Protein chains: 2
Amino acid sequence: MVPATFRRAGEKKHTINDIARLANVSKKTVSRVINESPFVREETRTRIAEIIRSTGFTPDPQARGLAFRRSYLIGLVYDNPNAPYVINVQEGALGALRRVGYELVVHPCDRNSPEFLGDIRQLVSRQKLDGMIILPPVSENNALADVLRDISCPYIRILSAALDEPQNLVQSMDRQSAAEVAEHLAKLGHTRIAMIIGPPTYRSSQERLEGFSNALADRGLTLSPDYIAEGAYTFESGAACAEMLLSRSPRPTAIFAGNDETAAGVYRTAYLRGLRIPHDLTIIGFDDSPLASRLCPSLTTMRQPIRDMGRLAAEKLISKISRTEGPSAAATTVFPHLVVRESSGRPAN
Amino acid sequence: MVPATFRRAGEKKHTINDIARLANVSKKTVSRVINESPFVREETRTRIAEIIRSTGFTPDPQARGLAFRRSYLIGLVYDNPNAPYVINVQEGALGALRRVGYELVVHPCDRNSPEFLGDIRQLVSRQKLDGMIILPPVSENNALADVLRDISCPYIRILSAALDEPQNLVQSMDRQSAAEVAEHLAKLGHTRIAMIIGPPTYRSSQERLEGFSNALADRGLTLSPDYIAEGAYTFESGAACAEMLLSRSPRPTAIFAGNDETAAGVYRTAYLRGLRIPHDLTIIGFDDSPLASRLCPSLTTMRQPIRDMGRLAAEKLISKISRTEGPSAAATTVFPHLVVRESSGRPAN
DNA sequence: CTGAAAGCGCTTACAG
DNA sequence: CTGAAAGCGCTTACAG
């Protein structure tokens with residue numbers, strides 16, 4: 001038997017009035033059942049609930065939204081060029097939102113465009129977004145957060161540092177993660193260790209650099225300034241930085257790349273120079289994007305629980321939106337961990 | 001001076017009533033201006049338009065939708081594991097939709113789930129989606145198209161074969177593209193040519209196989225059944241299929257992988273066997289995903305204009321939705337083209 | 001060319 | 001515990 005939800009074309013959708021008529025009550029009472037008001041007699045409630053179930057009625061989100069002054073729409077703002085990263089956050093968030101009847105409106109942006117902040121303002125007010133999830137690196141932009149606060153739009157920033165109050169954050173502990181990389185390299189016996197950082201203005205670059213450098217120091221190793229290169233989290237910058245680092249004498253035996261894209265750039269330079277990985281050079285990435293396992297040899301890297309971050313951000317946002325009041329000021333943190341593959345080994349000399 | 005659109009928190013949004021009052025007309029007349037009705041005196045129209053502009057008024061999409069029985073929401077359904085592919089279609093579509101005031105609601109799905117069709121039905125009826133864009137491979141599912149037709153939801157399928165009427169399609173001409181690969185390999189002098197196809201149930205697998213095999217035949221070359229392996233468009237299947245193909249004697253000198261992921265799997269097997277690319281083995285991919293240029297050596301592959309496909313699908317869908325009637329039965333086709341990189345060369349022997 | 005009334009499908013006060 | 005009225009912000013007939 002075909003469930004009643006599977007209405008065929010031509011039958012129009014049931015409305016709250018249909019349900020009220022069938023149940024022989026006012027639509028207000030149906031509304032109470034929908035919104036789980038306690039002020040409905042149990043017998044009435046069950047009867048109406050049963051009719052709702054059997055007719056497959058679902059309240060119209062537009063009408064509900066209009067009356068509630070809610071859109072049931074959450075924005076996802078990103079400028080991250082790493083597609084798997086975005087998709088994973090997106091799917092994580094989607095999973096959490098669906099359950100509570102929200103939809104996700106995606107919004108790629110360009111933080112350098114002069115219309116950037118105006119666009120966001122317009123998006124929020126126009127679509128009356130109920131909240132916003134912001135991905136790194138644009139999540140580091142405080143001006144954006146200020147705008148959202150200004151127009152009273154609840155938001156969650158996914159970040160690697162505490163740039164905001166804890167209730168607005170899902171924080172990835174990059175500093176501690178970078179320390180894991182240091183430990184791994186130290187254990188393998190590397191001493192000439194280099195690092196390619198991301199754009200210095202990005203908070204994650206600083207976090208990873210400091211975490212890495214401090215952890216090396218703790219083990220009696222130093223990250224010499226000669227061995228630090230400024231990349232841009234891109235393939236091309238990785239190749240160029242590796243070119244520079246590998247020209248140093250003595251040559252580093254290990255390079256910690258800012259992310260997997262950068263690491264792929266290091267692979268390319270090693271390939272062009274005929275260096276064998278990991279025999280001549282150990283390479284470590286960050287992200288564990290699909291690329292990491294596709295490279296030959298496969299890349300040792302830090303895995304971020306990206307999907308979880310999306311889910312956590314959505315859950316935290318929803319609780320902010322629906323909560324009439326109450327703190328939930330707790331921090332939400334997440335820890336990347338090391339995935340050891342083929343690109344790291346003992347130094348040859 | 002801050003534009004009026006940049007209202008600060010606390011000021012409530014203007015409504016059509018505010019505009020009517022300011023213009024000293026009825027809200028119906030304002031509505032006519034918003035909807036570009038010809039039945040407004042020019043003087044009145046300009047006056048109202050100016051007030052709308054200066055106040056930064058934008059009509060509430062929810063209220064409009066409720067009255068128009070429109071949601072201004074378009075669904076994007078996908079099950080493609082290739083994240084850059086999805087992101088690119090998404091951004092292409094977004095660009096076209098934004099301009100006309102629509103938003104995109106993304107919906108990853110699992111075509112093998114028993115709830116698959118029911119979920120889609122519910123998504124469409126619940127959010128009252130105005131239309132749907134469907135990505136391959138789930139776009140090949142005719143049952144899904146049947147459901148959408150049944151509930152009168154306009155849709156566009158992005159496909160590599162004409163599985164539907166032209167007005168429902170944005171078609172990528174994979175057959176002709178695969179012929180380009182054949183030509184490239186023939187020109188390089190390869191004769192022992194192998195191919196890894198995608199899942200045989202996928203239409204694109206057949207299209208690419210037939211296009212490739214026929215084009216080889218046209219050049220007096222044959223694609224021997226021994227040299228055809230059935231993959232699954234995945235990294236793992238690429239590695240396994242390459243394992244099999246490279247065990248043949250004589251060994252093929254070139255492998256056309258079904259897509260870039262598969263090609264990456266072939267790289268891995270070549271790496272493990274110590275084969276040099278392209279000296280010992282030429283490899284060709286399909287997609288030109290970011291991975292293609294990250295691999296070492298970089299991968300020769302077919303580039304799909306993925307972003308354009310998203311844009312075209314959105315434009316076509318919008319014209320279907322807004323058009324009161326009229327055919328637009330024209331086919332929309334798109335041609336991938338070859339990007340030659342380092343992984344293809346003359347055969348060694 | 002313009003407007004007053006009724007309605008889209010739901011909700012919030014306000015009564016009872 | 002339940003309902004009749006008014007309203008969210010916009011539109012579509014229907015008049016004039």
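Here is how names work: the chains are called A, B, and so on, in the same order as the sequence lines, proteins then strands, and each is numbered from 1. Because the structure is predicted, anything quoted here is derived from the model rather than measured.
In the displayed structure, B:E43 atom CD is contacted under 6.0 Å by more than 12 heavy atoms of other residues, nucleotides or ligands.
Judged by distance alone, the side chain of B:D79 and the main-chain N or O of B:C109 form no donor-acceptor pair under 3.5 Å. In terms of modelled atom types and a separation under 3.5 Å, the side chain of B:S139 and the main chain of B:I158 share a donor-acceptor contact. Of the possible donor and acceptor atoms, none in the side chain of B:S31 sits under 3.5 Å from a partner among the backbone N and O of B:K27.
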Protein-nucleic acid N or O pairs under 3.5 Å, nucleotides 6-10 of chain C:
from	atom 1	to	atom 2	distance (Å)
C:dC8	O2	B:A67	N	3.4
C:dG9	N2	A:A63	O	3.3
C:dC10	OP1	A:D60	N	2.8
C:dC10	OP2	A:I16	N	2.3
C:dC10	N4	A:K27	NZ	2.7

Every protein N/O within reach of nucleotides 13-16 of chain C N/O, cut-off under 3.5 Å:
none

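With sequence neighbours excluded, the residues satisfying salt bridge (charged side-chain N to carboxylate O under 4.0 Å, His left out) with B:E42 are B:R45. With sequence neighbours excluded, the residues satisfying salt bridge (charged side-chain N to carboxylate O under 4.0 Å, His left out) with B:D146 are B:R149.
Remark: A:F39, A:V40, A:R41, A:T44 in residues 36-45 of chain A come within less than 4.0 Å of DNA chain D through at least one heavy atom.
Each of A:K128, A:R64, A:Q62 was scored for a side-chain hydrogen bond (donor to acceptor under 3.5 Å, both in side chains) with B:Q62, with one residue passing: A:K128. Each of B:R157, B:K316, B:K320 was compared with B:N168 under the side-chain hydrogen bond (donor to acceptor under 3.5 Å, both in side chains) criterion, and only B:K320 meets it.
Regarding contacts with the backbone of D:dG3, a side-chain N or O of A:T29 is found under 4.0 angstrom from either OP1 or OP2.
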Subject >> salt bridge (charged side-chain N to carboxylate O under 4.0 Å, His left out) between A:R47 and A:E50, intermediate numbers included >> reply: CA-CA 5 Å; A:R47 188 160 50 85; A:E50 170 53 22; over 6 Å; no
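Looking only at atom types and distance, the side chain of A:Q127 has no donor-acceptor partner in the side chain of A:Q122 under 3.5 Å away.
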Subject >> Secondary-structure notation, DNA chain C, from Watson-Crick and G-U pairs under 3.5 angstrom (| other strand) >> reply: |||.||||||||.|||
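Salt-bridge check for A:E103 with A:R98: passed, with a basic side-chain N closer than 4.0 Å to an acidic carboxylate O.
Between B:I156 atom CD1 and B:L312 atom CG the span is 10.0 Å, to the nearest 0.5 Å.
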